[in-house]
Amino acid sequence: MQTNLFPTSSQAEIEHNYMHAKDAYARIGVDADAAIAKALQIPISLHCWQGDDVGGFEVKEGAVDSGGIMATGNFPGRASNGDELRQDLEQVMKLLPGVQRVNLHAFYAETDGKFVSRDALEPKHFSRWMEWAKQRKIGLDFNPTFFAHPKAADGFTLSHRDDGIRKFWVRHGIACRKIAAAMAKELGQPCIINHWIPDGAKDHPADRWSPRARLTQSLDEMLAEKLPGCVDAVESKLFGIGSEDYVVGSFEYYSHYALTRSVLFCLDMGHFHPTETIHDKLSALLQFHKTLLLHVSRPIRWDSDHVVIFNDDLRAVFLELARGHAFDRAVVALDFFDASINRIAAYVIGARATRKAMLYALLDPSEGLRELETTGRNAQKLARIEEMKTMPFGAVWDMLCLKAGVPAASAWIPEVEQYQTTTLAKR
């Protein structure tokens with residue numbers, strides 16, 4: 001007998017299974033309906049760079065350097081221009097429940113075949129993106145592109161010892177902030193602009209002080225003007241390709257910079273030691289930071305930005321937000337790129353896994369667990385946590401998808417396969 005690995009369930013089946021699951025959660029004091037409603041409201045910002053392997057669409061000025069960005073694989077169908085990438089994102093969003101945004105990098109500018117220096121980029125170079133987002137009623141987020149450029153070839157940008165190069169990147173950052181402000185104005189909602197640089201050294205630097213002093217100077221110059229709707233964030237990293245020993249923008253540096261300059265601090269799940277997770281950092285940082293930007297990623301052995309899956313690390317992050325009533329103090333964006341598999345499927349797997357983790361966290365009996373802990377019933381608390389792993393979560397997830405009008409379970413996969421045949425294979 002042939003097995004169907006991607007079965008579909010009828011609406012009646014989903015509703016029947018959900019009623020039993022809803023009752024099971026109600027018995028431990030959890031309102032499944034409320035959890036679904038809340039999980040659907042939390043925005044997730046889809047990163048455009050999964051669709052084209054972090055290549056961008058700018059007209060090149062000369063030889064470029066990766067700057068520590070690497071997408072491995074050569075699966076057919078990569079988007080090669082803005083129209084193709086927007087088409088792919090539209091296909092992705094058809095399969096995703098909940099509120100979505102789209103996150104752009106500066107080198108996805110559309111300049112009609114003309115070279116435009118990165119420090120001369122303007123909102124008009126993203127007018128097609130803004131028009132598209134407005135039609136779809138979604139928000140845009142933004143990122144300066146401090147890599148893949150001749151002036152980043154030695155691994156330094158905002159902290160560069162050459163003042164001319166440093167000022168070029170400051171001008172790029174200022175230009176990008178004006179673009180973000182224009183996006184916010186056009187779309188009627190804030191635009192998060194995240195500043196990440198590859199700056200660092202492969203092996204023992206003799207001077208760790210001067211680059212950080214120059215980075216502070218550059219950031220202060222770049223962020224000096226207050227722009228309505230432009231919400232700045234700075235992103236730390238432990239190491240990267242070519243910066244294994246020293247990264248200028250470390251966790252300690254950016255967490256303090258963000259706090260003293262009243263900008264968002266970005267935590268990327270892949271930017272720490274291979275066995276280090278970020279969930280324990282949330283309750284510490286949010287004692288002092290008003291809001292955090294979270295880049296949802298999955299490292300394997302190094303900061304490899306694998307497709308996000310519904311694993312322990314992901315669940316732990318959103319459980320911490322739920323238990324601290326802090327979902328409104330976190331901004332969620334995806335950051336992974338895999339060119340070895342169907343890129344549309346990679347988007348859908350990662351985004352749906354992230355939404356699942358949100359729902360899972362919102363179904364947590366947090367108050368009951370806290371009471372058990374407060375009264376010293378720690379064995380009972382641990383037992384309850386273990387039993388949560390086998391609760392009928394899948395039935396609640398299917399109901400969330402049904403309410404959102406998207407395929408439940410794995411029923412989305414045949415649609416991606418069809419898109420591969422009808423669209424991606426012809427590129």
(request) With Lys389 as the cation and Tyr360 as the aromatic partner, state whether NZ or CZ is under 6.0 Å from the six-membered ring centre and within 45° of the axis. (result) no
(message) Any side-chain to backbone donor/acceptor pair from Arg101 onto Leu140? Under 3.5 Å, distance only.
(response) yes
(message) Under 6.0 Å between ring centres: does that hold for His256 and Phe265?
(response) no
(request) Applying side-chain contact (heavy atoms from CB on, under 4.5 Å), run through Leu158 and Met222 and close with a yes or a no. (result) CA-CA 10 Å; Leu158 290 177; Met222 204 169 72; 4.2 Å; yes
(message) For Asp33, is there an ion pair with Lys22 - N to carboxylate O distance below 4.0 angstrom?
(response) yes
(message) Rounded at 0.5 Å granularity, tell me how far CD1 in Ile42 sits from CE in Met358.
(response) 5.0 Å
(message) To the nearest 0.5 Å, what is the distance between CZ on Arg298 and NE2 on His306?
(response) 6.0 Å
(message) Could you tell me if Thr277 and Asp313 have a donor-acceptor pair between their side chains, going purely by distance under 3.5 Å?
(response) no
(message) Set out, in order, the CA-CA distance, both residues' side-chain angles and the distance that settles side-chain contact (heavy atoms from CB on, under 4.5 Å) for Leu400 and Leu40, then state yes or no.
(response) CA-CA 8 Å; Leu400 180 146; Leu40 286 171; 3.7 Å; yes
(message) Using a strict threshold of under 4.0 Å (side-chain N to carboxylate O), is an ion pair present between Arg384 and Glu386?
(response) no
(message) I'd like to know if the side chain of Gln217 pairs up with that of Glu221 as donor and acceptor (distance under 3.5 Å, no hydrogens or angles considered).
(response) yes
(message) A side-chain contact here means heavy atoms from C-beta on lying under 4.5 Å apart; do Leu259 and Leu285 qualify?
(response) no
(message) For Arg86, is there an ion pair with Glu110 - N to carboxylate O distance below 4.0 angstrom?
(response) yes
(request) May I ask you to check whether Trp169 and Phe146 place their ring centers less than 6.0 Å from one another? (result) yes
(message) Does the structure place the NZ or CZ of Arg343 under 6.0 Å from the centre of the six-membered ring of Phe75, at an angle of no more than 45° from the ring's axis?
(response) no
(request) Check whether the side chains of Thr422 and Gln418 place a donor and an acceptor atom closer than 3.5 Å, and report yes or no. (result) no
(message) Testing the 3.5 Å rule here: is there a donor-acceptor pair between the side chains of Tyr18 and Asp23?
(response) no
(request) Could you walk me through whether Ser297 and Asp305 pass the side chain to side chain donor-acceptor pair (under 3.5 Å) test, one step at a time? (result) CA-CA 6 Å; Ser297 187; Asp305 291 296; 2.8 Å; yes
(request) Determine whether the aromatic ring centres of His47 and Phe336 lie less than 6.0 Å apart. (result) yes
(message) Keeping Arg118 on the side-chain end and Thr145 on the backbone end, is there a donor-acceptor pair under 3.5 Å?
(response) yes
(message) For Asn143 and Trp49, which I'm curious about, is there any donor-acceptor pair between the side chains at under 3.5 Å?
(response) no
(request) Hey, could you give me the CD/SG distance between Glu186 and Cys191, rounded to the nearest 0.5 Å? (result) 12.5 Å
(message) Can you see whether Tyr419 engages Asn342 through a side-chain donor-acceptor pair at a distance of less than 3.5 angstrom?
(response) no
(message) Measuring only between side-chain heavy atoms, which start at C-beta, is Lys237 closer than 4.5 Å to Ser250?
(response) no
(message) Could you tell me if Thr157 and Asp199 have a donor-acceptor pair between their side chains, going purely by distance under 3.5 Å?
(response) yes
(message) Would you say the rings of Phe126 and Tyr108 are close, in the sense that their centroids are separated by under 6.0 Å?
(response) no
(message) Strictly distance-based, threshold 3.5 Å: is any side-chain N or O of Gln91 a donor or acceptor partner for the main-chain N or O of Gln87?
(response) no
(message) Quick one, His20 and Pro392 - any side-chain contact, counting heavy atoms below 4.5 Å?
(response) no
(message) Please check: side-chain N/O of Ser243 versus main-chain N/O of Tyr246, any donor-acceptor pairing under 3.5 Å?
(response) no
(message) For Tyr257 and Tyr253, take the angle between the two ring planes, folded into 0 to 90°, and tell me which bin it lands in: parallel under 30, tilted 30 to 60, perpendicular over 60.
(response) parallel
(message) Could you check, using the six-membered ring where one of them is a Trp, whether Phe310 and Phe393 have ring centers closer than 6.0 angstrom?
(response) yes
(message) Using a strict threshold of under 4.0 Å (side-chain N to carboxylate O), is an ion pair present between Asp232 and Arg177?
(response) yes
(message) The test is side-chain contact (heavy atoms from CB on, under 4.5 Å); show your working for His295 and Cys266 and say whether it passes.
(response) CA-CA 7 Å; His295 271 195; Cys266 176; 3.8 Å; yes
(request) List the steps, then state whether side-chain contact (heavy atoms from CB on, under 4.5 Å) holds for Asp141 with Ile193. (result) CA-CA 6 Å; Asp141 296 314; Ile193 179 169; over 6 Å; no
(request) Determine whether Leu292 and Leu264 make a side-chain contact, defined as any pair of heavy atoms from C-beta on separated by less than 4.5 Å. (result) no
(message) Whether the side chain of Ser255 engages the backbone of Glu252 through a donor-acceptor N/O pair (distance < 3.5 Å, no angle test) should be reported.
(response) yes
